[in-house]
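Please read the structure below before turning to the comments.
Ligands are counted one by one from 1 in listed order, and the atoms in each one are counted from 1 as well. The figures here come from the full heavy-atom set of this structure, side chains too, leaving out hydrogens, waters and symmetry mates.
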Amino acid sequence: MPTLPKLLFSVMALVAADARAAADPQSYAETDKVRVSALKLNLEVAFKSSQLVGTAELTLDWRDKTARTLKLDTRDLAIASVEAIGADGKAEPVKFDLGSRDKILGTALVIELPQQAPKVKIGYATSPQASGLQWLPPIQTAGKKHPFLFSQSQAIHARSWVPLQDTPAVRFTYTADLRVPEELRAVMSAGNDPKHRLTGLFHFEMDKPIPSYLLAIAVGDIAAKATGPRTAVYAEPSMVEKAAKEFEDTEKMIVATEKLYGPYRWGRYDILVLPPSFPFGGMENPRMTFATPTVIVGDKSLVSLVAHELAHSWSGNLVTNSSWKDIWLNEGFTSYVERRIVEAIYGREQADMEDVIGQFGVKQEMEGLAPGDQVLALKPLDGRDPDEALTEVPYVKGAWFLTFLENAYGRATFDAFVRGYFDHFAFQSIDTDTFLAYYKKNLAQKHPGKVTDAQLDAWLNQPGIPAFAKAATAARFEKVDAARASWLAGKTPAKDIDSGKWGTHEWVRFVEGMPEKLDEKQLADLDEAFKFTGTPNGEIAQRWYPLTVRSGYAKARPAIETFLISIGRRKLIMPTWEALTATPDGLAFAQGVFEKAKVGYHPITTASVTAALEKAKK
Ligand code: BES
Ligand code: ZN
């Protein structure tokens with residue numbers, strides 16, 4: 001029989017283990033002890049040294065009365081000073097210690113406080129290699145005259161430019177004062193004024209609590225153009241007109257989403273178009289989506305990106321995954337809402353085509369994924385780099401699951417449920433179990449017999465796509481598939497294919513459905529008719545170049561080199577890098593191209609390409 005103290009001890013140990021398991025394994029923060037509730041930044045944006053230099057003042061919400069330690073996340077920050085600020089406003093230097101550097105997590109900044117101070121102020125500078133920042137020299141901008149800086153904080157890169165609790169479980173408001181070169185404009189994921197004059201000084205306020213991964217900054221030769229009463233595009237001057245035209249439907253999208261899910265709660269919704277090295281398609285920084293220029297193709301065919309980032313204003317920015325294992329709550333809901341926006345503005349056919357392409361992509365990707373990575377409710381991502389663990393599964397399988405629920409309960413019922421869910425958890429961070437409990441109470445129990453527990457389990461916890469899932473179909477793709485089949489059978493030469501009305505999606509489908517390899521004559525026939533090699537459309541290039549590589553079509557190599565050097569968006573270029581690494585000759589070519597490409601790449605893209613090349617060398 002265990003003695004009482006022993007029993008108590010083991011119960012306490014269990015509780016402690018549980019609290020640790022529930023915490024975010026990708027942060028050093030001890031959120032049960034203390035939480036940052038507000039951040040005040042005061043930074044100089046020093047292009048000369050590629051550094052942010054200044055102070056971060058953190059307001060603390062102490063949860064555990066006995067706690068005296070504040071553990072923050074940092075990566076490659078030079079910490080100059082730490083002060084505790086008392087209730088009387090007096091600052092006292094305090095002891096701090098930097099732990100050892102973990103490759104994925106970075107370095108814990110451990111601050112010992114004599115008492116529970118209401119605030120701490122940290123003096124620091126970022127590294128020129130900060131993983132969350134890209135400092136572009138003028139040559140890498142469209143205008144070639146001014147440097148450019150932008151951040152990408154998701155998933156765990158905010159810690160490389162601000163010392164903080166870098167976990168989506170914690171929310172804080174922020175203000176920032178920035179000093180920048182006088183000819184440049186600064187923007188942040190906060191209140192931005194398109195008419196702000198260039199004075200070298202910018203003040204920002206974000207009065208709604210946000211998680212750290214939504215902290216964002218950009219500085220450059222940035223112009224603004226209004227596209228509606230609460231929307232504008234920001235871009236380098238030479239891009240701004242084109243961007244405004246491409247994104248002219250943004251206000252319509254906001255109105256459509258509000259009709260479905262309630263008011264847009266963030267004030268303005270602006271879009272910043274970045275230089276082509278931006279490593280993602282888009283990033284839902286509140287009030288200011290950051291976007292790749294590769295979606296500006298002139299015919300609005302890729303503006304579902306805006307629908308997606310806008311949708312995050314509800315799914316993600318209002319209701320947030322509490323750690324990255326539950327990212328489907330962010331990206332699955334967002335992809336579902338994106339689809340609904342596209343359907344409302346551009347019609348069912350457009351939405352269907354996007355679903356078919358998404359489902360094709362995730363099925364293909366799943367073939368190479370471990371079973372544990374094919375589920376929505378992922379196990380804790382201990383020891384993993386969330387950038388490398390990111391797949392299409394949370395996006396496409398997540399949206400597919402929600403479409404399944406929509407069909408099971410009926411659109412009207414399901415729409416009301418989703419709206420209630422966004423309201424109920426607004427400005428909170430939750431996990432899959434919390435979602436499930438809410439779902440059971442507010443949907444399943446009110447409408448019993450529509451969805452079984454086995455079905456829920458299949459979506460959330462089983463690998464692959466459930467056998468009972470209904471696949472998307474798109475009428476417009478039937479013609480594309482028929483045209484491809486006829487061409488492959490040698491019945492119709494490429495130039496005779498009736499492709500006059502095809503948009504990006506049809507072209508993507510046409511190329512994606514090709515066999516593993518084609519022969520040189522076939523590739524040349526396609527090139528002659530459609531000019532795929534050298535295409536300015538990144539979505540087509542993403543599929544065409546790997547096909548040419550697998551087929552050994554050397555003629556495409558100069559264009560591949562240009563493509564890989566000029567674009568840094570990971571999703572578009574990784575398939576080509578990976579295809580190249582499959583043969584020794586391709587790998588040698590890839591290594592040569594990487595030598596030239598990497599100076600222009602963002603740290604996140606460099607990391608992915610390096611990993612792919614290393615894997616091939618082994
Ligand atoms: N929030 C993501 C980007 C992201 C996810 C960055 C995880 C870092 C870690 C953003 O909303 C996104 O999903 N962007 C997509 C575009 C979208 C249309 C699917 C992208 O970048 O391709
Ligand atoms: Zn997203």
>> Less than 4.0 angstrom from a charged side-chain N to a carboxylate O is my criterion; do K242 and E236 meet it?
In response: no
> In ligand 1, which numbered atoms sit nearer than 4.0 Å to a non-hydrogen atom of G281?
Replying inline: 20 (C), 21 (O), 22 (O)
>> Polar contacts were defined as any N/O atom of the residue lying under 3.5 Å from an N/O atom of the ligand; does this apply to Q152 and ligand 1?
In response: no
>> Whether the T535 and N537 side chains hold a donor-acceptor pair (N or O, under 3.5 Å, no angle test) is what I'd like checked.
In response: no
> Which atoms from ligand 1 have a heavy atom of E284 less than 4.0 Å away?
Replying inline: 1 (N), 2 (C), 10 (C), 11 (O)
> H308 to ligand 1: N or O pair under 3.5 Å?
Replying inline: yes
>> Which heavy atom of F563 sits nearest to which heavy atom of A541, and what is that distance?
In response: CE1-CB, 3.6 Å
> Have D431 and T434 got a donor and an acceptor in their side chains that come within less than 3.5 Å?
Replying inline: yes
> Okay, side chain of S27, backbone of D24: is any donor-acceptor separation there less than 3.5 Å?
Replying inline: no
>> Counting only heavy atoms, tell me which of V306, L305, L390, V396 gets closest to atom 18 (C) of ligand 1.
In response: L305
> What protein heavy atom sits nearest atom 4 (C) of ligand 1, and how far off is it?
Replying inline: Q154 OE1, 3.1 Å
>> Report whether any nitrogen, oxygen or sulfur of E331 sits less than 2.8 Å from the Zn ion (ligand 2) (N, O or S, backbone or side chain).
In response: yes
>> Distance under 4.0 Å to a non-hydrogen atom of E309: what atoms of ligand 1 satisfy this?
In response: 10 (C), 11 (O), 12 (C), 14 (N), 16 (C)
> Is the closest side-chain donor-acceptor distance between T292 and T294 under 3.5 Å?
Replying inline: yes
> Of the choices A307, S153, G282, which has the non-hydrogen atom that lies closest to atom 14 (N) of ligand 1?
Replying inline: G282
>> Within rounding of 10°, what is the angle whose vertex is the Zn ion (ligand 2) and whose arms end at NE2 of H312 and NE2 of H308?
In response: 100°
Could you list the donor-acceptor pairs under 3.5 angstrom formed between side-chain atoms of residues 357-372 and any protein atom two or more places apart in sequence or on another chain?
residue	atom	partner	partner atom	Å
Q359	OE1	A472	N	2.8
E365	OE1	E392	N	2.9

>> Quick test: of every protein heavy atom, which one is nearest to atom 13 (O) of ligand 1, and how far off is it to 0.1 Å?
In response: Y395 OH, 2.6 Å
> Any chance the side chains of T231 and R268 put a donor and an acceptor closer than 3.5 Å?
Replying inline: no
>> Over 60° means perpendicular and under 30° means parallel, so tell me whether F417 and Y421 are parallel, tilted or perpendicular.
In response: parallel
> What do you reckon, does E331 have a nitrogen or oxygen under 3.5 Å from a nitrogen or oxygen of ligand 1?
Replying inline: yes
> Of the protein's non-hydrogen atoms, which lies at the shortest distance from atom 22 (O) of ligand 1, and what is that distance?
Replying inline: R569 NH2, 3.4 Å
